[in-house]
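Values below: all heavy atoms of this structure, side chains included; hydrogens, waters and symmetry mates excluded.
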Amino acid sequence: MKNIPRRLRKAAVALGACALGLSLLSAPAAEAKPVQALAPQSERAPEAEQFSREGVTTVGELRTITSSLSYAQDGRTQIISHPGAAYIKVHFSSLRLAPGEHVTVSSPDGQESHRYDRDLNRATGSDYTTDGRPGFWAMSVEGDTAVVTLHSKHPSRGNAAVIDRFWRGYDRAEIAQHNISTQSVCSTDARRDVVCYQSSHPTEYARGRAVARLLISGGGMCTTWRIGNTNRMLTNKHCFSTQSAVSGSEMQFNYQCATCGGANPGAGTKVSGATLYKVSSGGSSQLDYALYSVNNFASIQGFGTLYLATSATTNGARIYIPGHGDGNPKRLSIYEDSQGGPLCSVRSANYNTHNISYSCDTSGGNSGSPVLNAGHRVIALHHLGGCPSNQGAKAHLIYNEIASLIDNNG
């Protein structure tokens, strides 16, 4: 990458709601004087570029923007904000840094921060995703504001980075508006935040740590999880099935509430997809799996892993399901309808050739969740809703197809 020039100015790009979309509001520079916003009004990307995939929860929209970071003291920070957004994911169309310089994308309080050096070295900087077009995507930042900062001591002239697009996450009402609901919550929704079970069901809580929220190409969500002892992850084929989609996606571990019912999740640990190893044949009503690896595997090893059952389950077997239904912080389905009532169980161990069925509560975004038995082995990969017969692909059949690619000894 090229060395870059010397001075410019610091500006903040704040996107506020208005009748025709979003307008830019200027923000004071570090010297507390108002500055002209560098970026024009953001626009929603054309429909053809919006995230859309059958069976995946749509959770955000793509917006276009033109702004740059420069070397002048009043040009080294840009603030990209969309009021009420659940997350902001920024795309750099170019990055031209000198040795020793870097850019950060962080939350306003600095508690979540991702660093990018000139060589995008994942060993020394943060993770990132790609979409096959010039540039790269920074990892998403939770909340409605991302602060992009150039860190440099050089007084060079010119632009160090150019931002051309960003994803903004929908709020809860928008998610409901943009997704067709299949009735997968059977009667009363008995799901609870995983932390609610930390004391009463410690093993179920611990096994759920291996489960992550999957942000697909910036605008869709499923659930994914570590499988076996090596760098392998499993989700549904209908969540993604190509190498480009894997490379463009984030896996967010430990995205869960700190207190029971507290609605207070932290950012967790985010990594990006690396290599797609295998996808199932057939459609989404069959085995419906995708096996892949992640970058920065060492950063997520501490969350544990799960193992597949290698034989068929039986009717009435107790089950539980950890996952990110509707893109929410991780919840556990342990009881059918109410806490302390009947436990979730297998309704039909042979619903059809590929699936078992259950009425344990799920919802959009739970696609890819593991269905575990009382022995804490995965007996199914959840992928279809429709009470009372929510369905999961039979894990022992999946195992037969991927055994040579995983280490399932646990």
Geometric class of the [Y]/[X] ring pair [parallel <30°, tilted 30-60°, perpendicular >60°]:
X      : Y      : result
His238 : His383 : parallel
Trp167 : Phe51  : perpendicular
Tyr358 : His382 : tilted

Please tell me whether [X] and [Y] have a donor and an acceptor in their side chains that are separated by less than 3.5 angstrom.
X      : Y      : value
His151 : Thr104 : yes
Asn179 : Thr57  : no
Ser363 : Asp326 : yes
Asn264 : Thr259 : yes
Thr188 : Asp337 : no

Could you check whether any side-chain N or O of [X] sits under 3.5 Å from a backbone N or O of [Y], counting only pairs where one atom can act as donor and the other as acceptor?
X      : Y      : answer
Gln339 : Ala190 : yes
Arg331 : Gly325 : yes
Thr58  : Gly219 : no
Asn408 : Leu308 : yes
Lys330 : Arg213 : no

With side chains defined as the heavy atoms from C-beta onward, is the minimum distance between [X] and [Y] less than 4.5 Å?
X      : Y      : result
Asn295 : Val271 : no
Val346 : Ile319 : yes
Leu120 : Leu95  : yes
Phe166 : Ser42  : yes
Asn236 : Ser284 : no

Before you tell me yes or no, could you show the steps for His376 and Tyr320 under side chain to side chain donor-acceptor pair (under 3.5 Å), namely the whole-Å CA-CA distance, both residues' side-chain angles and the distance that decides it to 0.1 Å? CA-CA 9 Å; His376 311 293; Tyr320 63 98; 2.8 Å; yes
Do Tyr128 and Phe92 have ring centres separated by under 6.0 Å? no
Tell me, please, whether Tyr277 has Arg232 positioned over its six-membered ring: NZ or CZ under 6.0 Å from the ring centre and within 45 degrees of its axis?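 Because its charged atom sits under 6.0 Å from the ring centre and within 45° of the axis, Arg232 does stack over Tyr277.
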Rounding to 0.5 Å, atoms CG (Asn390) and CD1 (Ile321) come to a distance of 7.5 Å
Point-to-point distance, once rounded to the nearest 0.5 Å, from CG of Asp288 to NZ of Lys237: 7.5 Å
Cys186 and Cys360 SG atoms under 2.5 angstrom apart: no
Walk me through whether Arg133 and Glu49 qualify under salt bridge (Lys or Arg N to Asp or Glu O under 4.0 Å). CA-CA 13 Å; Arg133 297 165 67 173; Glu49 295 193 29; 3.6 Å; yes
Could you check Asp164 against His91 for side chain to side chain donor-acceptor pair (under 3.5 Å), going step by step and ending with a plain yes or no? CA-CA 6 Å; Asp164 63 345; His91 184 265; 2.7 Å; yes
Taking only Lys NZ, Arg NE, NH1 and NH2, and the carboxylate oxygens of Asp or Glu, determine whether Arg165 and Asp131 approach each other closer than 4.0 Å.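 Here Arg165 pairs with Asp131 in a salt bridge, since their nearest N and O are under 4.0 Å apart.
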Would Lys270 and Glu142 pass as an ion pair if we require N to O under 4.0 Å?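 Between Glu142 and Lys270 there is a salt bridge, with a charged N closer than 4.0 Å to a carboxylate O.
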Exceeds 12 heavy-atom contacts within 6.0 angstrom, atom CD of Gln111: no
Verify side chain to side chain donor-acceptor pair (under 3.5 Å) between Ser369 and Asn366, making sure each step is shown before the conclusion. CA-CA 5 Å; Ser369 294; Asn366 266 117; 3.0 Å; yes
For Ser140 and Glu250, run side chain to side chain donor-acceptor pair (under 3.5 Å): C-alpha distance rounded to whole Å, both residues' side-chain angles, the deciding distance at 0.1 Å, then the answer. CA-CA 8 Å; Ser140 62; Glu250 303 179 14; 2.9 Å; yes
